[in-house]
Amino acid sequence: QVQHVESGGGLVQAGDSLRLSCTASGRAFNNDGTGWFRQAPGKQREFVSAINQIGNSAYYAESVKGRFTISRDSAKNTVYLQMNSLEPEDTAVYFCAVKKYIGSWYSESLYHYWGQGTQVTVSS
């Protein structure tokens, strides 16, 4: 079974940067790629970004486009999320998961093998 571990979160000031890492202990074949989602207290989990299996296509939520960059390092079995110009609205637990099924990159139901998440807190 594939397992993911997220890391790199922390407490930062508005305007600061963080780089999140998602490392897989195994590899899931026959999948479209990997995505990042986040969940703020009292709110539903929402799509943040995704990258296809090869790493030549990326997708972003409108709220983070231009500030966040997703990438992957196949040799390290890791997907990264570079987060710049952080805002208090970015405060959430960030999760990564594999997109298993064909369909919208923004649909949470198409992803599985969720990690435990890493906390990102942005103060003003």
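Sequence positions, counted from 1, serve as the residue numbers for this chain.
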Does the cation-pi check pass for R38 over F95, that is, NZ or CZ under 6.0 Å from the six-membered ring centre and within 45° of its axis? no
Donor-acceptor contact present, side-chain N52 to main-chain D32, <3.5 Å: no
Of all the heavy-atom pairs spanning A92 and A40, show the shortest one and how long it is. CB-N, 3.8 Å
Under 4.5 Å side-chain linkage, directly or through intermediates, the cluster mates of L20: V12, L18, W36, V48, I51, Y60, V64, F68, I70, V79, L81, M83, L86, Y94, V120, V122
N84 side chain to S17 side chain, donor-acceptor N/O pair below 3.5 angstrom: yes
Quick one: are the ring centres of Y111 and Y101 less than 6.0 Å apart? no
Shortest non-hydrogen separation from V98 to H4 and the atoms involved: CG2-CE1, 3.3 Å
Could you tell me which non-hydrogen atom of S124 sits nearest to which non-hydrogen atom of A14, and how far apart they are? CA-CB, 4.4 Å
In terms of side-chain heavy atoms, does S109 have a donor or acceptor partner in S107 at a distance below 3.5 Å? yes
For S21, run the side-chain contact (heavy atoms from CB on, under 4.5 Å) check against T78, T118, V5 and tell me which one passes. T78
Please name the pair of heavy atoms, one in F37 and one in Y106, separated by the smallest distance, quoted to 0.1 Å. CE2-O, 4.4 Å
Only counting residues at least two apart or in another chain, list the ones meeting salt bridge (charged side-chain N to carboxylate O under 4.0 Å, His left out) with R67. E87, D90
Between NE2 on residue H112 and NZ on residue K99, distance to nearest 0.5 Å: 11.0 Å
Given the rule that I, L, V, M, F, W and Y join up when any side-chain heavy atoms are under 4.5 Å apart, are F47 and W114 in one cluster? yes
In chain order, what residues pass the side-chain hydrogen bond (donor to acceptor under 3.5 Å, both in side chains) check against T121, with sequence neighbours excluded? Q119
Nearest heavy atoms of C96 and E6, plus distance in Å: N-OE2, 2.9 Å
Please give me the minimum heavy-atom distance between W105 and A50, naming the atom from each residue. CE3-CB, 3.7 Å
Please check if atom CD in Q3 has more than 12 non-hydrogen atoms from other residues, nucleotides or ligands closer than 6.0 Å. no
First locate atom CD of Q116, then atom OG of S7, and finally report the distance between them rounded to the nearest 0.5 Å. 12.5 Å
